[in-house]
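Remember, predicted model here, so these are calculated numbers, not experimental data. Computed over heavy atoms, backbone and side chain alike; hydrogens, waters and symmetry mates excluded. Numbers for residues simply follow the sequence, beginning at 1.
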Amino acid sequence: MKKILLTLYIFLATFFLAQQKPTLFLIGDSTMANKENPDKNPEHGWGQVLPQFLTSGIEVQNHAMNGRSSKSFRTEGRWDKVMKQLKNGDFVIIQFGHNDQKLKDSTKFTNPYTQYRANLERYVNETRAKGAIPILMTSIVRRNFNENGTLIDTHKEYPLVVRMVANDMKVPFVDMQLLTEQLEISYG
């Protein structure tokens, strides 16, 4: 009888675990973050509006926060909150770079080829260790045009490093820099 109950318990536990919705975790900066008073404030991070484009078969948790870098997101314990919930079959979109460039802020700045790359690799490895799927994204462009109407790249080496990590580690990748650059140029 105990063996039958144990078998039934294992079957039911496996069935209910398989029925859980996957969660899409968003980690990054203000460009993806939820903004206050969405009905009154026209500014929205892209992660704030993402759920309306998805099916009900996935839960979205937006942990992105204004002013965070790949370094400060971790040192402030924000990644720990995600890691405690992360489970097999979940997804993590990782998009940093805007604030990693802040040379004058030692709590945020990361060298693109050393610490920034190492941080991205660590997020990827820790996500995979939980059985979840990491997705890397480059930063979206800033709306910064010169006097001739040419969009100015303000991210320098950071998007290149994301592309390199995605390629080297075989991580799903979305080139938000390219996509938003094309969008901005089309708007003028």
Side-chain angles (χ1 to χ4, degrees), residues 2-34 45-66 68-100 110 112-140 158-179:
K2 285 182 182 178
K3 194 172 187 178
I4 293 171
L5 288 175
L6 180 60
T7 304
L8 180 61
Y9 173 78
I10 291 171
F11 171 77
L12 289 174
T14 304
F15 176 77
F16 283 112
L17 285 175
Q19 297 302 312
Q20 287 183 337
K21 283 190 210 182
T23 302
L24 173 60
F25 293 92
L26 307 179
I27 66 169
D29 55 39
S30 62
T31 62
M32 127 193 310
N34 292 338
W46 66 260
Q48 187 170 358
V49 297
L50 180 65
Q52 68 190 11
F53 298 103
L54 301 176
T55 69
S56 61
I58 190 163
E59 176 188 345
V60 178
Q61 284 194 27
N62 191 349
H63 290 264
M65 184 63 61
N66 290 15
R68 298 318 181 272
S69 70
S70 66
K71 178 181 179 180
S72 64
F73 193 86
R74 184 180 292 278
T75 59
E76 291 176 1
R78 296 177 185 283
W79 178 240
D80 290 338
K81 290 177 185 174
V82 173
M83 284 294 289
K84 287 177 183 168
Q85 300 175 68
L86 199 56
K87 64 187 182 313
N88 188 37
D90 286 342
F91 300 87
V92 180
I93 294 179
I94 305 159
Q95 182 201 286
F96 292 102
H98 275 279
N99 299 301
D100 287 84
T110 60
Y113 294 109
T114 56
Q115 190 176 19
Y116 180 66
R117 182 180 176 119
N119 288 345
L120 294 178
E121 290 173 349
R122 188 171 170 196
Y123 284 122
V124 166
N125 286 329
E126 290 172 355
T127 298
R128 286 177 169 166
K130 290 280 197 160
I133 299 166
I135 302 165
L136 287 170
M137 290 187 172
T138 51
S139 296
I140 67 170
Y158 291 88
L160 174 62
V161 172
V162 178
R163 291 178 186 103
M164 291 165 53
V165 171
N167 183 61
D168 293 348
M169 297 184 77
K170 308 296 184 244
V171 178
F173 169 69
V174 179
D175 198 339
M176 292 292 280
Q177 181 190 28
L178 175 63
L179 295 171

note = Value for CD (E126) from CG (D80), rounded to nearest 0.5 Å, stands at 8.5 Å

request  = Provide the closest heavy-atom pair for S139 versus G97 in the form atom of the first, atom of the second, distance.
outcome  = OG-CA, 3.6 Å

request  = Give a yes or no on whether the backbone of N119 and the side-chain of K71 come within a donor-acceptor separation of less than 3.5 Å.
outcome  = no

message = Can you list everything that forms a side chain to side chain contact (heavy atoms under 4.5 Å, CB included) with R78? Sequence neighbours excluded, please.
response = M65, R68, F73, E76

message = Checking T31 now: which residues fulfil side-chain hydrogen bond (donor to acceptor under 3.5 Å, both in side chains) with it, not counting sequence neighbours?
response = D29, Q95

query = Residues two or more places apart in sequence or in another chain: which of them pass side-chain hydrogen bond (donor to acceptor under 3.5 Å, both in side chains) with D100?
reply = S70, T110

task = Sequence neighbours left out, what passes side-chain hydrogen bond (donor to acceptor under 3.5 Å, both in side chains) with T114? Give chain and number order.
result = N111

request  = Identify, with sequence neighbours excluded, every residue that meets ring pair (Phe, Tyr, Trp, His ring centres under 6.0 Å) alongside W79.
outcome  = Y123

key: Nearest heavy-atom neighbours spanning I58 and P22   = CG1-O, 3.2 Å

Solution key, residues 159-173 side-chain donor-acceptor pairs under 3.5 Å, sequence neighbours excluded:
{"residue": "R163", "atom": "NE", "partner": "D175", "partner atom": "OD2", "Å": "3.1"}
{"residue": "R163", "atom": "NH2", "partner": "D175", "partner atom": "OD1", "Å": "3.1"}
{"residue": "R163", "atom": "NH2", "partner": "D175", "partner atom": "OD2", "Å": "3.1"}
{"residue": "R163", "atom": "NH2", "partner": "Q177", "partner atom": "OE1", "Å": "2.8"}
{"residue": "D168", "atom": "OD2", "partner": "R117", "partner atom": "NH2", "Å": "2.6"}
{"residue": "K170", "atom": "NZ", "partner": "N167", "partner atom": "O", "Å": "3.2"}

Reported CD1-to-CG distance for the pair I133 and N88, which is rounded to 0.5 angstrom = 8.5 Å

inquiry  = For P134 versus T127, what's the shortest heavy-atom pair and its separation?
reply    = N-CG2, 3.6 Å

key: Those residues that, when tested against N62, pass side chain to side chain contact (heavy atoms under 4.5 Å, CB included) (two or more places apart)   = L26, M32, N34, A64

Salt bridge (Lys or Arg N to Asp or Glu O under 4.0 Å) involving K87 - partner list, sequence neighbours excluded = D90

H98 (side chain) donor-acceptor with G28 (main chain) under 3.5 angstrom = no

query = What distance separates S72 OG from F96 CZ, expressed to the nearest 0.5 Å?
reply = 7.5 Å

key: Residues in side chain to side chain contact (heavy atoms under 4.5 Å, CB included) contact with Q61, at least two apart in sequence or another chain   = T23, F25, E59, H63, Q85

task = Could you tell me the separation between the CD1 atom of I94 and the CZ atom of R122, rounded to the nearest 0.5 Å?
result = 12.5 Å

